[in-house]
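Below is one structure, written out as structure tokens; the observations come after it.
As the structure lists them, so they are numbered: ligands from 1, and atoms in each ligand from 1.
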Amino acid sequence: MKNILITGGAGFIGSHVVRLMVNKYPDYKIVNLDLLTYAGNLENLKDIEKKSNYVFEKGDICDADFVLSVFEKHQIDGVIHLAAESHVDRSISNPMSFIQTNIVGTVVLLNAARKYWGENMTGKRFYHISTDEVYGSLGEEGFFTETTSYDPRSPYSASKASSDHLVRAYNHTFHMPVVISNCSNNYGPNQFPEKLLPLAINNIKNMKPVPVYGKGENIRDWLYVVDHAKAIDLIFHKGIDGETYNIGGRNEWKNIDLIMLLCKIMDEKLGRTPGESASLITYVKDRAGHDLRYAIDATKLQDNLGWKHDVMFAEGLEKTVTWYLENSEWLANVLSGDYAKYYEQQYIQR
Ligand code: NAD
Ligand code: DAU
């Protein structure tokens with residue numbers, strides 16, 4: 001496969017996937033299709049944007065004519081689909097945009113792939129990136145495996161579950177070669193500061209309250225974003241058609257313990273007296289329908305495709321904090337909305 005369409009490549013995970021693919025596969029053409037919503041930021045890709053095997057196409061995955069035209073223009077052989085509305089809290093306040101992008105947008109992409117690839121889809125691949133949240137919430141014991149029943153409980157996870165079902169339906173009904181992966185919480189550079197870790201880092205830095213939902217007892221399984229990108233590369237190239245792979249860090253943290261650890265690191269990095277950052281912790285109203293615990297069993301990916309994560313959590317968290325502290329301009333641009341001007345400067349005014 002030579003011409004790969006990556007949707008949502010200007011977002012958090014997508015930008016790490018685009019960078020990895022552009023640098024690792026100079027013979028591939030990597031086409032990044034992104035609408036540049038509030039979460040899409042081309043500054044994330046400054047280091048690779050001039051490479052000859054990289055192309056950016058601005059547009060909406062829900063726009064069927066546009067999506068088909070991108071398949072035709074770039075003769076797309078494979079799709080890695082990450083574009084989505086991704087923040088659970090936003091799905092609670094505005095579910096419709098999640099239905100539109102995550103469900104309708106995925107079907108528009110599937111239809112374009114089917115139309116462009118025709119009956120014989122040998123050698124083609126549609127890779128759908130999904131989340132562990134489709135499996136619902138765990139109690140204190142157990143892990144999500146690929147055969148865990150779906151039980152989505154937020155508008156976000158229900159929209160992702162729906163798109164997973166549709167991708168499988170296109171595999172079953174139309175024999176489209178698909179793979180799906182469901183990953184746990186990612187952390188690392190370039191994450192929009194509405195998600196827990198970048199929000200907390202930014203607030204601690206600025207001596208602002210750090211909001212902890214409920215009692216802080218919810219548990220998430222954290223994976224460094226570059227390890228997710230490497231898993232995506234592996235599954236895209238080596239995964240078996242029709243299969244699903246779970247990706248996770250075997251790295252569970254109660255929110256409050258994670259925030260306490262973060263505060264300790266920030267005290268050290270900012271030369272504060274121990275406990276100064278932790279004094280910012282503020283318990284706030286819980287998220288509606290807040291899932292208690294996610295934990296992934298990634299044995300299938302490890303045993304069948306030989307994946308393992310490279311970055312240990314202590315190292316990854318330290319790198320992440322350092323990145324946000326050293327990239328205050330990125331953070332300021334995101335918070336002010338100025339990052340949107342970057343697209344105009346780079347792609348319109350030139
Ligand atoms: P993100 O919100 O940072 O990025 C989403 C990207 O999609 C943005 O660049 C945005 O501009 C683009 N986009 C949104 N709507 C679009 C549309 N209609 N047309 C074209 N582009 C559009 O998200 P993320 O955290 O990088 O997540 C990427 C994918 O990975 C999502 O599918 C998400 O469900 C999944 N996922 C995320 C995590 C996580 O921890 N962040 C974990 C598992 C799975
Ligand atoms: O599990 C994978 C999912 O992880 C992805 O599919 C989602 O796209 C991604 O956003 C993430 O969802 P979460 O809801 O787990 O991530 P978030 O960073 O929003 O919250 C992490 C935990 O921290 C969760 O239990 C809610 C809590 N929280 C979050 C915020 C933003 C707080 O206590 N305070 C906060 O301010």
Please state whether the rings of Tyr150 and His165 are parallel, tilted or perpendicular, taking 30° and 60° as the class boundaries. tilted
Tell me yes or no: between the side chains of Asn32 and Tyr54, is some donor less than 3.5 Å from an acceptor? yes
With atoms numbered from 1 as shown, which atoms in ligand 1 lie under 4.0 angstrom from a non-hydrogen atom of Cys183? 42 (C), 43 (C)
When you look for heavy atoms under 4.0 Å from ligand 1, do you find them on the side chain of His87, its backbone, both, or neither? neither
The single option from Met121, Glu72, Lys124 passing side-chain contact (heavy atoms from CB on, under 4.5 Å) against Tyr116: Glu72
Residue-ligand contact Ile129/ligand 1, heavy atom below 4.0 Å: yes
Just distances here: any N/O of Asp34 and N/O of ligand 1 closer than 3.5 Å? yes
Of all the atoms in ligand 1, which lie at a distance below 4.0 Å from a heavy atom belonging to Ala83? 7 (O), 21 (N), 22 (C)
For Ser86, atoms of ligand 1 separated by under 4.0 Å from a heavy atom: 1 (P), 2 (O), 23 (O), 25 (O)
Tell me whether the rings of His16 and Phe12 are parallel (<30°), tilted (30 to 60°) or perpendicular (>60°). perpendicular
Considering the heavy atoms of Ser130, write down every atom of ligand 1 situated less than 4.0 Å from one of them. 43 (C), 44 (C)
Does Ser184 have a non-hydrogen atom less than 4.0 Å from ligand 1? yes
Please evaluate residues Asn94 and Glu85 with respect to the criterion side-chain contact (heavy atoms from CB on, under 4.5 Å), reporting the C-alpha separation (whole Å), side-chain torsions for both, the decisive distance (0.1 Å), and the verdict. CA-CA 10 Å; Asn94 179 17; Glu85 289 292 337; over 6 Å; no
For Leu36, the ligand 1 atoms with a heavy-atom partner under 4.0 Å come out as 11 (O)
Restricting to pairs with a member in residues 168-180, which pass salt bridge (Lys or Arg N to Asp or Glu O under 4.0 Å), not counting sequence neighbours? none
Partner residues of Trp253 under the side chain to side chain donor-acceptor pair (under 3.5 Å) criterion, sequence neighbours left out: Asn251
Exercise answer: donor-acceptor pairs, residues 190-201 side-chain atoms, under 3.5 Å, sequence neighbours excluded:
residue : atom : partner : partner atom : Å
Asn190  : ND2  : Asn44   : OD1          : 3.0
Glu194  : OE1  : Tyr38   : OH           : 3.3
Glu194  : OE1  : Arg90   : NE           : 2.6
Glu194  : OE1  : Arg90   : NH2          : 3.1
Glu194  : OE2  : Tyr38   : OH           : 2.8
Lys195  : NZ   : Ser86   : OG           : 2.9

Less than 3.5 Å apart, any donor N or O on the side chain of Lys160 or Asn182 sitting next to an acceptor on the other? no
Looking only at protein heavy atoms, identify the closest one to atom 37 (C) of ligand 1 and say how far it is in Å. Ile13 CD1, 3.3 Å
Can a side-chain donor-acceptor contact be found between Tyr156 and Asn102 if the only test is distance below 3.5 angstrom? no
Can a non-hydrogen atom of Gly105 be found less than 4.0 Å from any atom of ligand 1? no
In chain-and-number order, ligand 2 lies under 4.0 Å from a heavy atom of each of Ser86, His87, Val88, Thr131, Asp132, Glu133, Tyr156, Cys183, Ser184, Asn185, Glu194, Lys195, Leu196, Leu199, Pro211, Val212, Tyr213, Asn218, Arg220, Asn255, Arg287, His290, Tyr294
Determine whether the aromatic ring centres of His237 and Tyr25 lie less than 6.0 Å apart. yes
Which atoms of ligand 1 have any heavy atom of Asp60 under 4.0 Å away? 17 (C), 18 (N), 19 (N)
Run the numbers for me: atoms of ligand 1, each under 4.0 Å from some heavy atom of Tyr156, listed by number. 33 (C), 34 (O)
Contact between Gly59 and ligand 1, counting heavy atoms under 4.0 Å? yes
List the closest protein heavy-atom neighbour of atom 4 (O) of ligand 1: residue, atom name, distance to the nearest 0.1 Å. Gly11 CA, 3.5 Å
